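Inspection log for the structure reproduced underneath, given as structure tokens.
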There are 2 protein chains.
Amino acid sequence: MAFEVEQKILDDFVKNKGLKHSSQRKDILMAFLRTEKHLTAEELYSLVRKKNPAIGIATVYRTLKLFCDCGLSRELRLGSEAVRYEHLYGHEHHDHLVCLTCGDFIEVVDPEIEHLQEKLARKEGFTLQGHKLIMYGICQGCKE
Amino acid sequence: MAFEVEQKILDDFVKNKGLKHSSQRKDILMAFLRTEKHLTAEELYSLVRKKNPAIGIATVYRTLKLFCDCGLSRELRLGSEAVRYEHLYGHEHHDHLVCLTCGDFIEVVDPEIEHLQEKLARKEGFTLQGHKLIMYGICQGCKE
DNA sequence: TGTGATAATGATAACCATTTTCATTACTGT
DNA sequence: ACAGTAATGAAAATGGTTATCATTATCACA
Ligand SMILES: [Mn+2]
Ligand SMILES: [Mn+2]
Ligand SMILES: [Zn+2]
Ligand SMILES: [Zn+2]
């Protein structure tokens, strides 16, 4: 529960950019790391307020952007709703399979799909830097 | 340039739902079909105004939703910007390969990737209904 | 260990795409 | 023609996010 590595990633990034340390960012980082859920800024804000009720939503937004910049997190846009954030550091790359009925989703990855994407992009003259694959369907539970 | 088939799809949909015909919707449909670009509501609004300057942006939004409902168009969310719409009827399914530098994108499809997605979803107990694959990279032109 | 420069914060206003509201107009079946 | 109701356009509202700004906190260095 210490997350020293993640804290160091943030601290180093902050130092390299000539930024300053803040306790709010640490509170936000801890709340973010302590859950494996894919949270929106608002949801994370609610969590952090339990620890630090004085914190502002703007700081949460600013800090989530910082997490993305330093490689700790990644944005997820599943639909038209608010952006969700998930852990990036220490987590394998994966895509998402979303249930259209209950909204739940699972994380999936297929190395062959990943490889074929690379091949496809190269064929078109692109240097692939990333991708977003979201599959939509009906989950087992919702079919019953 | 007549698009009788597409017009019929819309007319039938409207009739089946007990809705009423309107000239605005026809103007919007024609402007939409006449371009192969992936337009935002605002962009389509600009086009339609040349033909019908009295039209309102709300009607464009409402009508684009209708096009999606009747299978004439499909939403595209490439990033955090406005939603874009592309033709669906009469167009093969495809995904997009977006250049992170110039913003241009090309349409691509790989049957093998499509098939593997289906297989992956089934393995997880999902009945796949659709997917969204966007690949991001640097295009040939931007590398030079 | 102070002090000045400047980054970070929180409240709030602004932003922007989209949706809703509502009074008015246009269709449509009879 | 008429009644019933869907569609429209203007404008306000919405919701997520970003910008502004006065105040506070951090930190390199004197
Ligand atoms: Mn995930
Ligand atoms: Mn396309
Ligand atoms: Zn489900
Ligand atoms: Zn390019």
Side-chain angles (χ1 to χ4, degrees), chain A residues 7 10-32 38-70 73-85, chain B residues 7 10-32 38-70 73-85:
Chain A
Q7 262 182 266
L10 180 60
D11 288 346
D12 288 353
F13 186 85
V14 162
K15 191 153 294 176
N16 285 337
K17 291 259 175 185
L19 307 178
K20 289 171 182 172
H21 174 265
S22 94
S23 63
Q24 288 90 335
R25 285 211 277 243
K26 186 170 175 185
D27 290 342
I28 295 169
L29 181 62
M30 288 305 133
F32 177 66
H38 299 62
L39 301 174
T40 64
E42 283 290 347
E43 287 164 356
L44 182 55
Y45 177 54
S46 301
L47 282 183
V48 181
R49 284 222 285 195
K50 293 176 185 164
K51 183 71 185 309
N52 178 350
I55 214 154
I57 182 73
T59 299
V60 176
Y61 276 104
R62 287 188 282 240
T63 303
L64 279 168
K65 188 155 294 174
L66 198 62
F67 291 173
C68 289
D69 289 346
C70 72
S73 73
R74 180 166 81 114
E75 283 187 12
L76 255 193
R77 294 169 193 272
L78 295 183
S80 57
E81 325 80 48
V83 174
R84 294 187 172 276
Y85 295 84
Chain B
Q7 261 181 268
L10 180 60
D11 287 348
D12 287 355
F13 185 85
V14 162
K15 192 154 290 175
N16 285 338
K17 291 260 174 182
L19 308 179
K20 290 172 181 171
H21 173 265
S22 94
S23 63
Q24 288 90 334
R25 287 211 275 241
K26 187 169 175 186
D27 290 343
I28 294 169
L29 180 62
M30 288 306 133
F32 177 66
H38 299 61
L39 301 173
T40 63
E42 283 290 346
E43 287 164 354
L44 182 54
Y45 177 54
S46 301
L47 282 182
V48 182
R49 283 221 285 193
K50 292 177 187 167
K51 184 72 184 309
N52 179 349
I55 213 155
I57 183 73
T59 299
V60 175
Y61 276 104
R62 287 188 281 238
T63 302
L64 278 169
K65 188 156 292 172
L66 198 64
F67 291 172
C68 289
D69 290 346
C70 71
S73 73
R74 180 166 80 113
E75 282 188 12
L76 255 193
R77 294 170 194 272
L78 296 182
S80 57
E81 327 78 47
V83 174
R84 294 186 171 276
Y85 296 85

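The structure presented is a predicted model; accordingly, all values stated were derived computationally and were not measured. Residue numbering restarts at 1 for every chain, and letters A, B, ... go by the order of the sequence lines.
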Could you state the atom-to-atom distance from CZ of A/R77 to C1' of D/dG16 in whole Å? 10 Å

Residues 73-82 of chain A vs side-chain hydrogen bond (donor to acceptor under 3.5 Å, both in side chains), sequence neighbours excluded, gives A/R74-A/E86, A/E75-A/R77

Before you tell me yes or no, could you show the steps for B/F67 and B/F32 under ring-ring contact (aromatic ring centres under 6.0 Å, His included), namely the whole-Å CA-CA distance, both residues' side-chain angles and the distance that decides it to 0.1 Å? CA-CA 10 Å; B/F67 291 172; B/F32 177 66; 5.6 Å; yes

When rounded to the nearest 0.5 angstrom, what distance separates CG in B/L44 from CG in B/L29? 9.5 Å

Kindly compute the distance separating CD1 (B/I28) from OH (B/Y45), expressed to the nearest 0.5 Å. 10.5 Å

A/Y45 OH - D/dG15 C1' separation (whole Å): 16 Å

Specify the closest pair of heavy atoms between B/V60 and B/A41, including all atoms of both residues, with the distance to one decimal. CG1-O, 3.6 Å

d(CD, A/E42; C1', D/dT14) in whole Å: 14 Å

How far apart are the closest heavy atoms of B/R84 and B/E43, and which atoms are they? NH1-OE1, 2.9 Å

Report the distance from atom CZ of B/R84 to atom C1' of C/dA17, rounded to the nearest whole Å. 13 Å

Is there a side-chain contact between A/R49 and A/I55, using heavy atoms and a 4.5 Å cut-off? yes

Give the C-alpha distance, both sets of side-chain angles, the deciding distance and a yes or no for side-chain contact (heavy atoms from CB on, under 4.5 Å) between B/T63 and B/Q24. CA-CA 9 Å; B/T63 302; B/Q24 288 90 334; over 6 Å; no

CD of A/E81 versus C1' of D/dT14: gap in Å, rounded? 15 Å

Of the residues in residues 61-70 of chain A, which ones touch DNA chain D at a heavy-atom distance under 4.0 Å? A/Y61, A/R62, A/K65

When the rotation axes relating C1' atoms of four end pairs to the next four are compared across the helix from C/dT1-D/dA30 to C/dT30-D/dA1, five pairs an end, they differ to 10° by 30°

Heavy-atom closest pair, residues B/D27 and B/N52: OD2-ND2, 3.3 Å

Residues from residues 20-29 of chain B sitting under 4.0 Å of DNA chain C, heavy atoms only? B/K20, B/H21

Nearest-Å distance for atom pair CD/P, residues A/E43 and D/dT17: 11 Å

Here the distance between atom P of C/dT18 and atom CG of B/L76, to the nearest Å, is 13 Å

DNA chain D contacts made by residues 46-59 of chain A, counting heavy atoms under 4.0 Å: A/A58

Between A/L19 and the options A/L66, A/D11, A/L10, the side-chain contact (heavy atoms from CB on, under 4.5 Å) test singles out A/L66

By side-chain contact (heavy atoms from CB on, under 4.5 Å), B/R62 pairs with (sequence neighbours left out) B/A58, B/T59

How many Å lie between CD on B/E75 and C1' on C/dT18, as a whole number? 11 Å

For a side-chain contact (heavy atoms from CB on, under 4.5 Å) with B/M30, tell me which candidate from B/Q7, B/K51, B/R25 qualifies. B/Q7

